[in-house]
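Not measured: the values here are computed from a predicted model.
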Amino acid sequence: MSRSVYYNARMVSNILKKGEDYNRLPKTVTIIITGYRQFLESNAYRHRFHWWEDEQPILLSERQEIIFLDLVMIRRLCNRGLLGDKRKSDRSIKWMLFLLAKENNAIAREVEEMGLHDPTLEKAIRDLERISSDPKVIAEYEARLKYEYDQAAMK
């Protein structure tokens, strides 16, 4: 299993010594999940970007990648029955469906089924159930939400 890590200057200095090659850093993947259409000209639910030089086809680094996951497009594809076998083979779809499960009972049942075959997803489902029934966690969430609404109202 892999995971993404953001490296700041202090972390880099702990990994690399002065004069060492930056290629020794582990690959960094940034994942941005949007609840809106970021790329209106595309019908894809996932967009992968790498850093290229503007004037020439030179890749800055294979070790950096930014992935946009579009929840709106996944919802559309799911509602139209267009995800097919990708539902089970594409981990990003599984996790986007997990995020959408609360709003759609059919998706929620499907995510529960997928959780039976994916221990990481199963753990996330159980953890969500546990914290969703904890009054202290719910109160903290509601307080944070109220704070965010209050801050937005002051703008």
* To do: Check the surroundings of atom CD in Glu62: do more than 12 heavy atoms from other residues, nucleotides or ligands lie under 6.0 Å from it?
  => no
* **From CA spacing to verdict: side chain to side chain contact (heavy atoms under 4.5 Å, CB included), Ile32, Leu69** => CA-CA 6 Å; Ile32 300 169; Leu69 300 175; over 6 Å; no
* Given the rule that I, L, V, M, F, W and Y join up when any side-chain heavy atoms are under 4.5 Å apart, are Ile93 and Ile31 in one cluster? -> yes
* Short question: side chain of Glu53, backbone of Glu55 - any donor-acceptor pair under 3.5 Å? -> yes
* **Salt-bridge contact Arg126-Glu129 (side-chain N to carboxylate O under 4.0 Å)** => yes
* Salt bridge Asp127-Lys123, side-chain N to carboxylate O under 4.0 Å -> yes
* Does the pair Lys146/Asp150 count as a salt bridge with the N-to-O cut at 4.0 Å? -> yes
* Asked: Are Ile33 and Ile125 connected in a single hydrophobic cluster, I mean Ile/Leu/Val/Met/Phe/Trp/Tyr linked by side-chain heavy atoms less than 4.5 Å apart?
  -> yes
* What closest approach, in Å, do Leu121 and Val111 show between heavy atoms, and which atom pair accounts for it? -> CD2-O, 4.1 Å
* In sequence, state the C-alpha distance, the side-chain angles, and the governing distance for Ile66 and Val29, and then conclude on side chain to side chain contact (heavy atoms under 4.5 Å, CB included). => CA-CA 6 Å; Ile66 301 172; Val29 179; over 6 Å; no
* To do: With the side chain counted from C-beta on, respond yes when Trp52 and Leu60 share a heavy-atom pair under 4.5 Å apart, and no when they do not.
  => no
* Under the side chain to side chain contact (heavy atoms under 4.5 Å, CB included) criterion, do Lys27 and Gln64 qualify, and how do the steps go? -> CA-CA 6 Å; Lys27 182 175 183 175; Gln64 296 175 327; over 6 Å; no
* Asked: Is a side-chain donor-acceptor pair under 3.5 Å present for Gln151 with Tyr149?
  -> no
* Is it true that the side chains of Asp90 and Tyr45 contain a donor and an acceptor less than 3.5 Å apart? -> yes
* To do: Would you please classify the geometry between the Phe39 ring and the His47 ring as parallel, tilted or perpendicular, with 30° and 60° separating the classes?
  => tilted
* Structure fact -> What one should report as the nearest heavy-atom pair of Met73 and Ser42 is CE-O, 4.1 Å
* Structure fact -> Residue pairs passing the side-chain hydrogen bond (donor to acceptor under 3.5 Å, both in side chains) test with at least one member in residues 69-85, sequence neighbours excluded, are Arg37-Asp70, Arg75-Glu103
* To do: Would you please test Leu97 and Trp95 for side chain to side chain contact (heavy atoms under 4.5 Å, CB included) and show each step?
  => CA-CA 5 Å; Leu97 291 174; Trp95 286 103; over 6 Å; no
* Below 4.5 Å, heavy atoms only, C-beta onward: do His50 and Ser61 meet side chain to side chain? -> no
* Between Glu20 (side chain) and Lys17 (backbone), is there a donor-acceptor pair under 3.5 Å? -> yes
* Structure fact -> Heavy atoms of Ala101 and Ala108 approach each other most closely as O-CB, 3.5 Å
* Going from CZ on Arg87 to SG on Cys78, what distance comes out if it is rounded to the nearest 0.5 angstrom? -> 4.0 Å
* To do: Look at Arg109 together with Glu113 and state whether they make a salt bridge at an N to O cut-off of under 4.0 Å.
  => no
* Report yes if the side chains of Thr30 and Ile67 come closer than 4.5 Å at any heavy-atom pair, otherwise no. => no
